[in-house]
Number of protein chains: 2
Amino acid sequence: MKKRLSISDIANNLGISVTTVSFILNDKAKEKRISEAMTKKVLDYVDKVGYKPNQLAKSLRTGKSKTLGLLVEDISNSFFANIADQIEKFAYDFGYHIVYCSMNNDVNRAKELIQLFYDRQIDGFIIAPTEGLTEVIQKLLKNNVPVVLFDRHLEDLETNFVISENHRGAYAGTCLLLNEKKSTRVGLVTIDSSQLQMRGRMDGYREAVELLDKEVLITQIVRAQPEDETILQIRDFIQENRLDGVLFATNYLAISGLKAIKRYNLPLEKLVSFDENALFSLVDPAVSAISQNLQEIARQVVHILIDEINGKSKGLVQVVVPCEVIVR
Amino acid sequence: MKKRLSISDIANNLGISVTTVSFILNDKAKEKRISEAMTKKVLDYVDKVGYKPNQLAKSLRTGKSKTLGLLVEDISNSFFANIADQIEKFAYDFGYHIVYCSMNNDVNRAKELIQLFYDRQIDGFIIAPTEGLTEVIQKLLKNNVPVVLFDRHLEDLETNFVISENHRGAYAGTCLLLNEKKSTRVGLVTIDSSQLQMRGRMDGYREAVELLDKEVLITQIVRAQPEDETILQIRDFIQENRLDGVLFATNYLAISGLKAIKRYNLPLEKLVSFDENALFSLVDPAVSAISQNLQEIARQVVHILIDEINGKSKGLVQVVVPCEVIVR
DNA sequence: ATGAAAGCGCTAACAT
DNA sequence: ATGTTAGCGCTTTCAT
């Protein structure tokens with residue numbers, strides 16, 4: 001690899017000092033009263049030879065890396081993939097880059113990754129936390145590392161976060177089934193987890209059902225079990241309770257639910273799922289969606305984090321973003 | 001933020017030199033004939049205080065960052081999201097990390113990103129290249145930067161790459177429609193692009209159709225147009241040619257096609273798409289898939305790149321991975 | 001068997 | 001208005 005030019009090469013070739021070059025390159029020419037002529041000369045030369053500062057050295061010196069760490073459960077989940085995409089765009093506008101990692105439901109791996117990002121002088125963390133991460137995140141906070149959680153937050157942890165109106169969304173979705181769709185026996189398929197966003201969704205469901213004096217019917221899917229198991233469990237849930245409407249707490253549960261309906265030919269037509277999916281309008285039966293505002297979530301996450309990095313934060317910021325119900 | 005321990009803190013606290021600590025930490029204790037006792041003492045202490053070397057400094061010094069750059073068109077496309085996930089896993093096994101970016105169909109942005117990754121001393125690039133990137137990639141190669149392309153490669157560019165058997169896959173998909181499914185008028189919906197993987201798919205389609213003396217019917221969708229336009233274009237294509245079978249060159253085209261069929265109630269039941277999607281079995285009509293072996297592609301990509309980084313490369317490596325036809 | 005010191009490329013306090 | 005230089009934390013050559 002052709003040896004790259006360093007700032008001292010530039011300085012030498014121009015017969016000036018590195019300081020001057022450094023100041024000019026960091027927009028401090030005015031402040032340091034460097035002559036216009038010199039400024040122009042340096043800028044032109046830098047441009048001509050295509051010199052780019054070594055970011056590593058810069059980071060080492062300044063302690064800033066202009067990089068944010070994004071930790072999600074599973075980047076192949078369309079919800080996370082889409083939000084990662086948005087977050088990256090917003091971060092880019094601020095000159096920040098994203099290093100991302102999937103935790104794949106492995107707490108130890110997640111801890112390792114957080115440590116690793118920390119070791120690489122990441123300027124801030126964006127995390128969709130799983131249970132068991134409380135401690136590591138606590139440690140970050142104690143060290144004053146900027147952190148924003150999204151999609152869910154953790155109890156006992158005073159952090160910034162951006163989440164959706166889970167309770168209200170689930171409530172609206174359940175009402176859609178009970179009222180507009182005239183379902184009478186509506187079940188909730190959720191996961192076996194005490195993650196707060198799931199609790200919110202469950203509570204929203206429960207509130208709507210109880211309001212209309214209907215029976216509360218909930219099944220909790222064990223995470224990390226083979227999908228065929230999940231499909232069976234959903235089938236049994238639907239059949240045993242003679243459901244005529246189902247609310248799914250996540251998009252992948254809805255997909256498993258659709259498979260159950262298809263595979264076992266279940267007579268169930270009224271479905272609502274948290275999170276939108278490009279194909280929900282195309283499947284049969286169509287799935288109505290409680291769609292999260294990914295763009296707004298991403299925007300808030302990035303702004304909050306960057307404000308905090310820049311010390312402009314005014315205490316804890318906790319944002320709840322409304323959902324939109326898409327009726328099909 | 002609590003100031004982090006540095007290697008010299010460790011050395012001072014232990015009353016020894018940084019050299020010794022460094023050697024021990026880099027598994028050179030044996031080689032440098034450092035006593036067992038000393039080695040153990042240092043290791044224990046490092047463990048006790050939780051010291052972690054500063055990777056930035058390490059990278060600055062060694063010129064290696066243990067990080068790979070992954071550039072895809074759009075991380076929210078399920079094909080790329082899934083492969084990114086796999087690539088990350090394999091890279092992790094080698095102690096490498098992935099910095100990823102979506103290019104979002106913007107050549108300038110892509111060039112900027114490549115430059116930027118390069119500036120950050122990325123050890124190697126994994127790129128699903130778009131047209132117009134030939135030059136930048138050429139530049140990387142000229143500087144001996146390790147590069148592996150995937151999903152497609154570029155003409156006139158002698159690089160490592162890992163792609164799928166596009167020609168054969170499309171051929172098999174078309175035969176599925178013509179033979180098993182008894183379609184008589186099979187069209188191809190592809191994109192307006194001369195990307196090589198698309199050319200391969202088109203040629204495979206063409207070969208199968210011509211072999212059976214059927215009419216070659218192709219429409220090319222303009223990229224970056226609003227989806228409603230695409231849907232209309234597909235509708236017209238299907239209607240005007242009275243198609244009874246369609247091969248879609250990518251999964252997102254298939255999704256638009258399904259929308260067209262649904263929205264305009266088209267009497268078309270025999271569909272095949274490149275790339276699998278969790279919902280293709282659930283939509284009506286179901287979509288058969290020419291599924292790429294993501295895991296194998298990811299595995300190869302990472303291995304080739306890391307071999308090259310370690311100087312173990314035996315010239316250009318160009319791999320073509322078979323597809324699997326999933327009949328529905 | 002262990003240590004001193006140079007140097008990776010950069011920033012910024014301190015000279016001049 | 002511009003230059004000299006220490007130092008960020010690490011690896012590694014050379015010395016002892």
Side-chain angles (χ1 to χ4, degrees), chain A residues 1-43 45-46 49-67 118-123, chain B residues 1-43 45-46 49-66 116 118-123:
Chain A
M1 198 175 327
K2 205 164 45 191
K3 208 179 135 309
R4 293 175 52 172
L5 289 173
S6 78
I7 194 170
S8 67
D9 294 327
I10 304 290
N12 285 336
N13 296 353
L14 250 32
I16 58 176
S17 83
V18 291
T19 315
T20 309
V21 180
S22 175
F23 282 152
I24 293 174
L25 256 31
N26 289 291
D27 290 325
K28 291 184 183 162
K30 278 259 154 55
E31 184 186 328
K32 300 291 176 181
R33 290 182 290 194
I34 288 167
S35 71
E36 295 248 329
M38 170 100 325
T39 304
K40 184 163 164 25
K41 185 167 104 187
V42 171
L43 254 22
Y45 184 71
V46 159
V49 298
Y51 163 73
K52 304 278 174 181
N54 180 322
Q55 298 296 332
L56 245 37
K58 196 166 181 161
S59 296
L60 179 60
R61 183 59 232 238
T62 61
K64 302 270 160 217
S65 65
K66 284 279 185 177
T67 303
Y118 183 52
D119 295 342
R120 301 228 171 179
Q121 318 281 85
I122 268 194
D123 292 343
Chain B
M1 197 175 327
K2 204 164 45 191
K3 207 179 136 310
R4 293 175 52 172
L5 289 173
S6 77
I7 194 169
S8 67
D9 293 328
I10 304 291
N12 285 335
N13 296 353
L14 250 31
I16 58 177
S17 83
V18 291
T19 314
T20 308
V21 179
S22 176
F23 283 153
I24 292 174
L25 256 29
N26 289 290
D27 289 326
K28 292 185 180 159
K30 278 260 156 54
E31 182 186 329
K32 300 291 175 181
R33 289 181 293 196
I34 290 167
S35 71
E36 295 249 328
M38 171 99 328
T39 304
K40 185 164 166 23
K41 186 168 105 188
V42 170
L43 254 22
Y45 184 70
V46 159
V49 298
Y51 163 74
K52 304 277 175 182
N54 179 321
Q55 297 296 332
L56 245 36
K58 196 166 182 162
S59 295
L60 180 62
R61 182 60 233 238
T62 61
K64 303 267 160 220
S65 64
K66 284 278 186 178
L116 202 124
Y118 182 53
D119 296 343
R120 303 228 169 178
Q121 320 281 85
I122 269 196
D123 292 344

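Each chain gets a letter, A, B and so on, in the order the sequences are listed, and its residues count up from 1. For clarity, every value in this text was computed on a predicted model and none was experimentally measured. Because only heavy atoms are used, hydrogens play no part in the values below, and waters and symmetry mates are left out as well, while side chains stay in.
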Answer yes or no: is there a side-chain heavy-atom contact under 4.5 Å between [X] and [Y]?
X	Y	answer
B:Ile16	B:Val42	yes
B:Tyr51	B:Asp9	no
A:Lys58	A:Arg61	no

Over all heavy atoms of both residues, which pair between [X] and [Y] is shortest? Give the atoms and the distance, please.
X	Y	value
B:Ala11	B:Ser17	CB-C, 3.7 Å
A:Asp123	A:Lys64	OD1-CA, 3.5 Å
B:Ile10	B:Leu5	CD1-CD1, 4.4 Å
A:Ser65	A:Ser59	CA-OG, 3.4 Å
B:Ser8	B:Val18	CA-CG1, 3.6 Å

What's the [atom1]-[atom2] distance between [X] and [N], to the nearest Å?
X	N	atom1	atom2	result
B:Gln121	D:dC10	CD	P	17 Å
A:Glu31	D:dT2	CD	C1'	15 Å
B:Leu5	D:dG9	CG	P	10 Å
B:Asn54	C:dC8	CG	P	18 Å
A:Asn12	D:dT2	CG	P	17 Å

Give a yes/no on whether any side-chain N or O of [X] is located under 4.0 angstrom from OP1 or OP2 of [N].
X	N	answer
B:Tyr51	D:dC10	yes
B:Ser17	C:dG3	yes
B:Ser8	D:dC10	no

| note | Taking for B:Ala57 and for B:Ile34 the nucleotide of DNA chain C with the nearest heavy atom, the one nearer the 5' end belongs to B:Ile34
| request: At under 4.0 Å between heavy atoms, which parts of nucleotides 11-16 of chain D does protein reach? Answer with one letter per nucleotide, 5' to 3': B base, S sugar-phosphate only, - none. | output: BBB---
| query | Using the C1' atoms of five pairs at each end, what's the angle between the two axes of the helix from C:dA1-D:dT16 to C:dT16-D:dA1, to 10 degrees? | reply | 50°
| message | Please enumerate all residues that pass salt bridge (charged side-chain N to carboxylate O under 4.0 Å, His left out) together with A:Lys40, with sequence neighbours excluded. | response | A:Asp44
| task | With the side chain of A:Ile16 defined as its heavy atoms from C-beta on, choose the nearest nucleotide among C:dT2, D:dC8, D:dG3. | result | D:dG3
